[in-house]
Amino acid sequence: MAADPRFLKYVDEHQDDYINRLAQAVAIPSVSGNISYVKDVEAMADFLISQLESLGVKTQRRPIGTHELEGKEVDLPPVVIGEIGNDPKKKTLLIYGHYDVQPALLEDGWLYPPFELTKDPEGTGKLYGRGSTDDKGPVLGWLNVLEAHKNLGLELPVNMKMCFEGMEENGSENLDKFIESEKDKFFTGIDCMCISDNYWLDTKTPCLTYGLRGINYYEIRISGPGRDLHSGVFGGTVHEPMTDLIAIMSKLVTPTGEILVPGIKELIAPVTADEQAKFEAIHFEMKDIHDAVGADVTISNDTVKTLMGRMRNPSLSLHGIEGAFSAVGSKTVIPASIKGKFSIRLVPNLTVKEVTELVVKYVEDEFKKLGSKNKCEVVLTHGGEPWLADPNHYSYRAAHKATEAVYGQAPDYTREGGSIPVTLDFANILNLNVLLLPVGRGDDGAHSTNEKIDTDNYIRGTKLLGSYMYELAAISKE
Ligand code: BES
Ligand code: MN
Ligand code: MN
C-alpha cells in the first residue's frame, strides 16, 4: 500500500520546519564520550522526550546505571523508550536510534561551527553539522513522519515502539541488559524492527542493509620503568616500552591490509555463489570511494574486491598510542608505560572469543620473541559479534517497495563495514528480523569533520520511513 498522498505532500510543504527541528537537535552537543558534555547528553534526551510527547508518543526516561568516564563515576545517558498506537489489527514496528554524537571541534577543520546546522551557501542543499547524518537526522525523520500524521489527523498505519539511546558512540554500555530486562515487558508484541543508522554506499543509490561487521577493540599495555625517563640518561640502558609496542604493532597487519595474526583467515566463511552475485550487482564505482576518502589510496582497484574488503572480510586497523609523547616540540622522554590501540572488524564466522584467543596468544608469543624485561598484556576493551539478517523477510520486501515508490528505483542490498553492536542484541534477545534502512549518503562523513546530510536525503528519507510503514502495514507475512 502506497503512502497516503497527503502525508507525502505535507512533507514537501514542511521542509523548513523539519530542517529547523534538525537544527535544534544539532545545537545540543550530546557528545557521549566526553565528561564535559554529560549535561548536554541529558538535555538531548529531554529534547527528544518533549518532542515525542508533543507528537502523542507515550515516553519513558529510563536510567540504566552508571559508568566511568574520564576517571569519574557518572550516570549513563538515559534510554528513551516510547510507544504510539496499540491496535491489535496492526503490525507493531520497533525502531531504534541514538541521540548521542561523536566529538567535534571547529579547529579540527570544520567549515562552520559543528553544533550549528549550516546550509551550504553554494546552494547544494548540504546541511552541515555534527550528528546531522549520524544519527540525529534519521531519528528526526521518524518524528517528522509522526508530526505529519498528527497534524493531518491521519492514523498511523502501524503501531510503533521506539528505543533511543545516548551511549552508542561510546559502546552502548548496559543497553543489552536493558533489552534483556524489558524483554517480556516493554519489548513485547513486536513484529519486526527497523534501524536507520547507516548510509548508502554511493551518493545516488538507495540501499537496504542486511549485514554488519562486528568489532573487537584491543589495548596492548606495556610497562616497565617506574617513571618516565630521560632518553639521554637512560636511552640504550633500559628496555623501552614504546620500542616494544611499535615492534608488536608492526606485526599485526601489513600495509596492504593483510592480517598477520595466524588462524584468523582460516575462520572466514567461504563466499557462496549467491553472495558473489549479490556483491556483483551492487552499484558502485571506485570513484565513489575515492571521493569519500578524499584521495585515491585504495588497496585494490577492483570494485568487488573493494566491496568485499569493506563488508565481508575482516580488517585490522591501528588507532593510536596512549601515553606516547604527542605534543609539538622535541621532548626527549622515554614513556614508562604505554597503551597501543587497535581493532579487528569481524565477519561470519569470526567470533569475539575465538579471535581474542588468537590475538592474545599471538601478541604474547611475539612479545616473548623480543626478549624484553617489560610487562605486556593485551586486553579486549569491547567486543561485538558480526550480524546478518534475512533480506527476503517481509520487512525487507516492504522497504524495497517503499524505496521504489520514493526514489523510483530498486535499492541495492548491502552490508556495512561499520558496527552497530546493539543490532545483534535486539535481533538475538528479542528474536526479531532487523532491517537497516539508511537515510544518508555514502559521502556524509559520519565521525569526520564537516559531517552533513543532504536536504534531499533528509526530506525523501522522511518519506521513505513513512512509506515503509505503509508498505509494512499492507504486506503479507508469508
Ligand atoms: N552509525 C555508526 C555505524 C556505522 C558506521 C554504520 C559506518 C555504517 C557505516 C555508529 O554510530 C558507529 O559509529 N558505530 C561505531 C560502534 C563502536 C563505537 C562500537 C563504529 O562503527 O565504529
Ligand atoms: Mn550512528
Ligand atoms: Mn557513529
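One-based numbering, in listed order, for ligands and for the atoms of each. Values reported hereafter were calculated over all heavy atoms of this structure, with side chains retained and with hydrogens, waters and symmetry mates removed.
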Hey, which atoms in ligand 1 end up nearer than 4.0 Å to a heavy atom of [X]?
| X | value |
| --- | --- |
| Tyr199 | 1 (N), 7 (C), 8 (C), 9 (C) |
| Ile420 | 3 (C) |
| Asp134 | 1 (N), 11 (O) |

Below 4.0 Å from ligand 1: does a non-hydrogen atom of Ser419 turn up there or not?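 Yes, Ser419 has heavy atoms under 4.0 Å from ligand 1.
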So for Gln102, does at least one of its heavy atoms come nearer than 4.0 angstrom to any atom of ligand 1?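 Contact check Gln102 vs ligand 1: negative.
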Identity and distance of the protein heavy atom lying nearest atom 11 (O) of ligand 1: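 Checked against all protein heavy atoms, atom 11 (O) of ligand 1 sits closest to Glu168 OE1, 2.7 Å.
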Nearest protein heavy atom to atom 9 (C) of ligand 1, by residue and atom, and its distance?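 Heavy-atom neighbour on the protein nearest atom 9 (C) of ligand 1: Glu416 OE1, 3.3 Å.
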Looking at Ser300 and Asp302, would you say the former's side chain and the latter's main chain have a donor-acceptor pair under 3.5 Å? yes
So that I know where these two stand, are Trp142 and Phe164 an aromatic pair - ring centroids less than 6.0 Å apart?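 No, ring centres 6.0 Å or more apart.
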Under 6.0 Å between ring centres, would you say that holds for Tyr210 and His400? no
Taking atom [atom1] of [X] and atom [atom2] of [Y], what is their separation to the nearest 0.5 Å?
| X | Y | atom1 | atom2 | answer |
| --- | --- | --- | --- | --- |
| Thr205 | Phe284 | OG1 | CZ | 10.5 Å |
| Glu357 | Thr351 | CD | OG1 | 7.5 Å |
| Tyr396 | Thr403 | OH | OG1 | 12.0 Å |
| Leu318 | Lys341 | CG | NZ | 13.5 Å |

Closest Asp134 atom to the Mn ion (ligand 2) [N, O or S only]: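 Looking only at N, O and S atoms of Asp134, the one nearest the Mn ion (ligand 2) is named OD1.
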In Asp197, what N, O or S atom is nearest to the Mn ion (ligand 2), if we give its atom name?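 For Asp197, the N/O/S atom sitting closest to the Mn ion (ligand 2) is OD1.
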Do any of the N, O or S atoms of Glu168 sit under 2.8 Å from the Mn ion (ligand 3)? no
Measuring to the Mn ion (ligand 3), does His98 have an N/O/S atom at a distance below 2.8 Å?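 So His98 does not bind the Mn ion (ligand 3) by this criterion.
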Looking at Glu169, pick out the N, O or S atom nearest to the Mn ion (ligand 3) and give its name. OE2
Could you tell me whether atom 17 (C) of ligand 1 has at least one protein heavy atom nearer than 4.0 Å? no
Judged by modelled atom types alone, do [X] and [Y] share a side-chain donor-acceptor pair under 3.5 Å?
| X | Y | result |
| --- | --- | --- |
| Arg221 | Ser337 | no |
| Gln15 | Tyr458 | no |
| Ser32 | Glu169 | no |

Short N or O distance, [X] and ligand 1, threshold 3.5 Å exclusive:
| X | value |
| --- | --- |
| Arg345 | yes |
| Asp197 | yes |
| His98 | yes |
| His447 | yes |

Under 4.0 Å between a side-chain nitrogen and a carboxylate oxygen: does that hold for Glu53 and Lys58?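 Lys58 and Glu53: not salt-bridged.
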